[in-house]
Enquirer: 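Input: one structure, supplied below.
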Amino acid sequence: MQIEPTLLTDLFKAINNTIDINAEEVTALDQAIGDGDHVINLQRGLKALAAQSAELAQLDWIMAWQKMGMTLMTSVGGASGSLFGTLFVAMSKAAREQFVIGEVGRSINLQDFAVIFASGVEAVKKRGKSDAGQKTMLDVLIPVAESLRCDASKCVVITEVLDNVVLTAITGMESTKNMLATQGRASFLEERSRGHIDAGAKTSQLMICAVIEILKEQLES
Ligand code: ADP
Ligand code: MG
(Lines give C-alpha, C1' and ligand atoms only; values in the text may rest on other atoms or scores of the structure.)
(Ligands and ions follow the chains in the order given, each with its own letter.)
Protein backbone atom coordinates (compact mmCIF):
# COMPACT_ATOMS: atom_id res chain seq x y z
CA MET A 1 0.00 0.00 0.00
CA GLN A 2 1.34 3.40 -1.00
CA ILE A 3 0.27 6.60 0.74
CA GLU A 4 0.66 10.03 -0.88
CA PRO A 5 0.24 13.55 0.55
CA THR A 6 -2.78 14.05 -1.74
CA LEU A 7 -4.60 11.87 0.79
CA LEU A 8 -4.12 14.56 3.46
CA THR A 9 -7.23 16.50 2.44
CA ASP A 10 -9.43 13.46 3.09
CA LEU A 11 -7.49 12.56 6.24
CA PHE A 12 -7.91 16.03 7.77
CA LYS A 13 -11.63 16.02 6.94
CA ALA A 14 -12.13 12.66 8.64
CA ILE A 15 -10.03 13.65 11.65
CA ASN A 16 -11.81 16.99 12.11
CA ASN A 17 -15.12 15.19 11.79
CA THR A 18 -14.42 12.57 14.45
CA ILE A 19 -13.06 15.17 16.92
CA ASP A 20 -16.09 17.44 16.32
CA ILE A 21 -18.54 14.56 16.79
CA ASN A 22 -16.86 13.47 20.04
CA ALA A 23 -16.04 16.96 21.32
CA GLU A 24 -18.53 16.97 24.16
CA GLU A 25 -17.51 13.56 25.46
CA VAL A 26 -13.78 14.35 25.36
CA THR A 27 -14.26 17.76 26.95
CA ALA A 28 -16.08 16.06 29.83
CA LEU A 29 -13.08 13.74 30.25
CA ASP A 30 -10.65 16.66 30.32
CA GLN A 31 -12.90 18.57 32.72
CA ALA A 32 -12.87 15.60 35.09
CA ILE A 33 -9.08 15.35 35.42
CA GLY A 34 -7.63 18.27 33.44
CA ASP A 35 -8.60 21.87 32.69
CA GLY A 36 -11.18 21.11 29.99
CA ASP A 37 -9.44 22.83 27.07
CA HIS A 38 -8.00 19.83 25.23
CA VAL A 39 -10.62 19.62 22.47
CA ILE A 40 -10.67 23.37 21.83
CA ASN A 41 -6.86 23.34 21.67
CA LEU A 42 -6.85 20.44 19.26
CA GLN A 43 -9.69 21.74 17.08
CA ARG A 44 -7.77 24.99 16.57
CA GLY A 45 -4.79 23.00 15.25
CA LEU A 46 -6.87 20.64 13.14
CA LYS A 47 -8.75 23.51 11.47
CA ALA A 48 -5.39 25.13 10.71
CA LEU A 49 -4.17 21.90 9.10
CA ALA A 50 -7.36 21.55 7.06
CA ALA A 51 -6.90 25.11 5.79
CA GLN A 52 -3.38 24.16 4.62
CA SER A 53 -4.34 20.82 3.09
CA ALA A 54 -4.17 21.91 -0.57
CA GLU A 55 -0.68 23.33 -0.02
CA LEU A 56 0.46 20.30 2.01
CA ALA A 57 -0.80 17.93 -0.68
CA GLN A 58 1.76 19.43 -3.08
CA LEU A 59 4.74 18.67 -0.83
CA ASP A 60 6.74 15.49 -0.28
CA TRP A 61 6.27 13.75 3.09
CA ILE A 62 9.44 15.21 4.62
CA MET A 63 8.26 18.76 3.96
CA ALA A 64 4.61 18.01 4.73
CA TRP A 65 5.30 16.46 8.16
CA GLN A 66 7.65 19.34 9.04
CA LYS A 67 5.02 21.93 8.16
CA MET A 68 2.24 19.99 9.91
CA GLY A 69 4.33 19.74 13.07
CA MET A 70 5.12 23.46 13.08
CA THR A 71 1.46 24.32 12.48
CA LEU A 72 0.38 22.13 15.40
CA MET A 73 3.06 23.55 17.69
CA THR A 74 2.06 27.13 16.97
CA SER A 75 -1.72 26.71 16.87
CA VAL A 76 -2.73 24.06 19.42
CA GLY A 77 -1.14 25.31 22.64
CA GLY A 78 -1.30 23.36 25.90
CA ALA A 79 0.87 20.34 26.55
CA SER A 80 -0.68 18.47 23.64
CA GLY A 81 0.32 21.15 21.09
CA SER A 82 4.01 20.69 21.64
CA LEU A 83 3.63 16.89 21.85
CA PHE A 84 1.56 16.41 18.67
CA GLY A 85 3.81 18.96 16.96
CA THR A 86 6.91 17.06 18.06
CA LEU A 87 5.46 13.84 16.63
CA PHE A 88 5.35 15.22 13.09
CA VAL A 89 8.54 17.30 13.21
CA ALA A 90 10.38 14.18 14.44
CA MET A 91 8.77 12.05 11.72
CA SER A 92 10.08 14.51 9.14
CA LYS A 93 13.54 14.38 10.71
CA ALA A 94 13.52 10.57 10.83
CA ALA A 95 12.45 10.38 7.19
CA ARG A 96 15.28 12.74 6.22
CA GLU A 97 17.93 10.89 8.25
CA GLN A 98 16.93 7.25 7.84
CA PHE A 99 15.94 7.19 4.21
CA VAL A 100 17.75 8.16 1.04
CA ILE A 101 16.35 11.48 -0.14
CA GLY A 102 13.80 10.76 -2.78
CA GLU A 103 12.94 7.40 -1.31
CA VAL A 104 10.44 8.98 1.06
CA GLY A 105 9.20 11.38 -1.52
CA ARG A 106 5.59 11.67 -2.44
CA SER A 107 4.81 8.05 -1.88
CA ILE A 108 5.45 5.97 1.20
CA ASN A 109 4.70 2.34 1.98
CA LEU A 110 3.43 1.05 5.30
CA GLN A 111 6.75 -0.56 6.31
CA ASP A 112 8.66 2.72 5.98
CA PHE A 113 5.80 4.63 7.59
CA ALA A 114 5.92 2.26 10.57
CA VAL A 115 9.63 2.95 11.15
CA ILE A 116 9.15 6.72 10.80
CA PHE A 117 6.08 6.78 13.08
CA ALA A 118 7.98 4.86 15.77
CA SER A 119 10.73 7.50 15.66
CA GLY A 120 8.10 10.21 16.03
CA VAL A 121 6.63 8.50 19.09
CA GLU A 122 10.12 8.14 20.63
CA ALA A 123 10.52 11.91 20.27
CA VAL A 124 7.15 12.51 21.99
CA LYS A 125 8.37 10.36 24.90
CA LYS A 126 11.51 12.48 25.20
CA ARG A 127 9.65 15.78 24.87
CA GLY A 128 7.03 14.76 27.47
CA LYS A 129 9.63 13.07 29.71
CA SER A 130 7.07 10.29 29.83
CA ASP A 131 6.40 6.70 28.89
CA ALA A 132 3.58 4.17 28.67
CA GLY A 133 1.58 3.61 31.86
CA GLN A 134 1.41 7.26 32.95
CA LYS A 135 -2.15 7.87 31.67
CA THR A 136 -1.42 10.02 28.61
CA MET A 137 -1.68 9.96 24.83
CA LEU A 138 1.42 7.73 24.91
CA ASP A 139 -0.73 4.83 26.17
CA VAL A 140 -2.21 4.85 22.67
CA LEU A 141 0.74 6.06 20.59
CA ILE A 142 3.34 3.59 21.95
CA PRO A 143 1.32 0.36 21.49
CA VAL A 144 0.08 1.53 18.08
CA ALA A 145 3.66 2.22 16.94
CA GLU A 146 4.71 -1.22 18.20
CA SER A 147 1.79 -3.02 16.58
CA LEU A 148 2.36 -1.26 13.27
CA ARG A 149 6.09 -1.90 13.20
CA CYS A 150 5.74 -5.52 14.25
CA ASP A 151 2.96 -6.32 11.72
CA ALA A 152 4.45 -4.34 8.85
CA SER A 153 7.81 -6.11 9.21
CA LYS A 154 6.14 -9.55 9.24
CA CYS A 155 4.24 -8.94 5.98
CA VAL A 156 0.89 -9.50 7.68
CA VAL A 157 -2.03 -8.98 5.28
CA ILE A 158 -2.63 -5.25 5.00
CA THR A 159 -6.25 -5.26 6.18
CA GLU A 160 -5.15 -7.22 9.25
CA VAL A 161 -2.38 -4.69 9.97
CA LEU A 162 -4.98 -1.91 9.87
CA ASP A 163 -7.51 -3.82 12.00
CA ASN A 164 -4.81 -4.52 14.60
CA VAL A 165 -3.99 -0.82 14.78
CA VAL A 166 -7.65 0.00 15.49
CA LEU A 167 -7.90 -2.68 18.18
CA THR A 168 -4.61 -1.62 19.77
CA ALA A 169 -5.63 2.07 19.80
CA ILE A 170 -8.95 1.30 21.48
CA THR A 171 -7.37 -1.06 24.02
CA GLY A 172 -4.69 1.54 24.82
CA MET A 173 -7.25 4.31 25.23
CA GLU A 174 -9.42 2.16 27.52
CA SER A 175 -6.38 1.10 29.57
CA THR A 176 -5.93 4.70 30.75
CA LYS A 177 -9.25 4.62 32.63
CA ASN A 178 -8.00 2.95 35.79
CA MET A 179 -4.43 4.18 35.60
CA LEU A 180 -2.95 6.57 38.12
CA ALA A 181 -1.86 9.72 36.29
CA THR A 182 1.81 10.47 36.88
CA GLN A 183 2.29 13.02 34.08
CA GLY A 184 0.43 16.13 32.96
CA ARG A 185 -2.24 18.08 34.81
CA ALA A 186 -4.16 14.93 35.83
CA SER A 187 -1.21 13.89 38.02
CA PHE A 188 -2.07 16.73 40.43
CA LEU A 189 -5.21 14.75 41.36
CA GLU A 190 -3.18 11.69 42.40
CA GLU A 191 -5.56 8.80 43.34
CA ARG A 192 -8.59 10.84 42.16
CA SER A 193 -7.24 10.65 38.60
CA ARG A 194 -8.36 7.00 38.44
CA GLY A 195 -11.73 6.17 36.89
CA HIS A 196 -11.53 8.57 33.92
CA ILE A 197 -10.08 7.96 30.47
CA ASP A 198 -7.30 10.40 29.57
CA ALA A 199 -8.47 13.03 27.06
CA GLY A 200 -5.28 12.94 24.99
CA ALA A 201 -5.43 9.15 24.79
CA LYS A 202 -9.04 9.41 23.61
CA THR A 203 -8.34 12.01 20.89
CA SER A 204 -5.26 10.05 19.74
CA GLN A 205 -7.40 6.91 19.42
CA LEU A 206 -10.15 8.78 17.56
CA MET A 207 -7.68 10.35 15.12
CA ILE A 208 -5.85 7.07 14.49
CA CYS A 209 -9.13 5.23 13.86
CA ALA A 210 -10.23 7.98 11.44
CA VAL A 211 -6.96 7.62 9.51
CA ILE A 212 -7.39 3.85 9.32
CA GLU A 213 -10.96 4.27 7.98
CA ILE A 214 -9.65 6.42 5.13
CA LEU A 215 -6.81 3.98 4.37
CA LYS A 216 -9.32 1.13 4.23
CA GLU A 217 -11.52 3.11 1.84
CA GLN A 218 -8.45 3.73 -0.31
CA LEU A 219 -7.67 0.00 -0.37
CA GLU A 220 -11.19 -0.81 -1.49
CA SER A 221 -11.32 1.82 -4.25
P1 ADP B 1 -2.82 20.97 29.01
O2 ADP B 1 -2.73 19.77 29.90
O3 ADP B 1 -1.58 21.80 29.02
O4 ADP B 1 -4.09 21.76 29.26
P5 ADP B 1 -4.11 19.72 26.72
O6 ADP B 1 -5.37 19.81 27.51
O7 ADP B 1 -4.16 20.28 25.34
O8 ADP B 1 -2.91 20.42 27.50
O9 ADP B 1 -3.64 18.22 26.59
C10 ADP B 1 -3.71 17.34 27.67
C11 ADP B 1 -3.25 15.96 27.21
O12 ADP B 1 -1.87 15.98 26.89
C13 ADP B 1 -3.40 14.91 28.30
O14 ADP B 1 -4.68 14.35 28.26
C15 ADP B 1 -2.30 13.91 27.97
O16 ADP B 1 -2.75 12.89 27.10
C17 ADP B 1 -1.27 14.73 27.23
N18 ADP B 1 -0.10 15.01 28.06
C19 ADP B 1 0.06 15.98 28.98
N20 ADP B 1 1.31 15.95 29.50
C21 ADP B 1 1.96 14.93 28.89
C22 ADP B 1 3.28 14.36 28.96
N23 ADP B 1 4.21 14.86 29.76
N24 ADP B 1 3.57 13.32 28.15
C25 ADP B 1 2.66 12.83 27.30
N26 ADP B 1 1.41 13.30 27.18
C27 ADP B 1 1.05 14.33 27.96
MG1 MG C 1 -5.97 20.95 29.08
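One-based numbering, in listed order, for ligands and for the atoms of each.
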Enquirer: For ligand 1, which part of T136 has a heavy atom less than 4.0 Å away: the side chain, the backbone, both, or neither?
Expert: both
Enquirer: May I ask you to identify the nearest protein heavy atom to atom 7 (O) of ligand 1, giving residue, atom name and distance to one decimal place in Å?
Expert: S80 OG, 2.6 Å
Enquirer: Please write down residue, atom name and distance for the protein heavy atom closest to atom 10 (C) of ligand 1.
Expert: H38 ND1, 4.0 Å
Enquirer: Please report the shortest heavy-atom distance between A114 and R149, naming the atom on each side.
Expert: CB-CA, 3.8 Å
Enquirer: How far apart are the closest heavy atoms of W61 and R106, and which atoms are they?
Expert: NE1-O, 3.7 Å
Enquirer: Which N/O/S atom belongs to D37 and is the closest one to the Mg ion (ligand 2)?
Expert: OD1
Enquirer: From the options G128, S130, G200, select the one whose nearest heavy atom is closest to atom 25 (C) of ligand 1.
Expert: S130
Enquirer: Examine M73 and F84 and state if one hydrophobic cluster contains both, with Ile, Leu, Val, Met, Phe, Trp and Tyr joined whenever side-chain heavy atoms are less than 4.5 Å apart.
Expert: no
Enquirer: Please write down residue, atom name and distance for the protein heavy atom closest to atom 16 (O) of ligand 1.
Expert: D198 OD2, 2.6 Å
Enquirer: Please report the shortest heavy-atom distance between A94 and S119, naming the atom on each side.
Expert: CB-CB, 3.5 Å
Enquirer: Is the closest N or O pair between L138 and ligand 1 shorter than 3.5 Å?
Expert: no
Enquirer: Please give the atom name: the N, O or S atom of D35 nearest to the Mg ion (ligand 2).
Expert: OD1
Enquirer: What residue and atom, counting heavy atoms only, is the protein's closest point to atom 19 (C) of ligand 1, and at what distance?
Expert: A79 CB, 3.7 Å
Enquirer: Shortest non-hydrogen contact from Q134 to M179?
Expert: N-SD, 4.3 Å
Enquirer: Please identify which atoms of ligand 1 are closer than 4.0 Å to at least one heavy atom of Q183.
Expert: 23 (N)
Enquirer: Minimum heavy-atom separation for D60 and P5, please, with both atom names.
Expert: C-CG, 4.4 Å
Enquirer: For atom 20 (N) of ligand 1, what is the nearest protein heavy atom, given as residue, atom name and distance?
Expert: G184 CA, 3.6 Å
Enquirer: Quick one: which ligand 1 atoms are inside 4.0 Å of a heavy atom on G78?
Expert: 3 (O), 8 (O)
Enquirer: Where is the nearest protein heavy atom to atom 2 (O) of ligand 1: which residue, which atom, and how far?
Expert: R185 NE, 3.3 Å
Enquirer: What I want to know is whether M137 and ligand 1 share at least one N or O pair that is separated by under 3.5 angstrom.
Expert: yes
Enquirer: Has N109 got a side-chain atom pairing as donor or acceptor with Q2's backbone, closer than 3.5 angstrom?
Expert: no
Enquirer: May I have the step-by-step check of side chain to side chain contact (heavy atoms under 4.5 Å, CB included) for V89 and M70, ending in yes or no?
Expert: CA-CA 7 Å; V89 169; M70 295 312 289; 4.0 Å; yes
Enquirer: List the atom of A169, the atom of I208, and the distance in Å for their closest heavy-atom pair.
Expert: CB-CG2, 4.2 Å
Enquirer: Which part of D30 is near ligand 1, with near meaning a heavy atom under 4.0 Å away: side chain, backbone, both or neither?
Expert: side chain
Enquirer: Test of understanding: given a 4.0 Å heavy-atom threshold, classify the contact between L83 and ligand 1 as side chain, backbone, both, or neither.
Expert: side chain
Enquirer: Between the side chain of K135 and the main-chain N/O of T176, is any donor-acceptor distance below 3.5 Å?
Expert: yes
Enquirer: Say whether G77, considering both its backbone and side-chain N or O atoms, lies within less than 3.5 Å of an N or O atom on ligand 1.
Expert: no
Enquirer: Looking only at N/O atoms, are D37 and ligand 1 under 3.5 Å apart anywhere?
Expert: yes
Enquirer: Would K125 and E122 pass as an ion pair if we require N to O under 4.0 Å?
Expert: yes
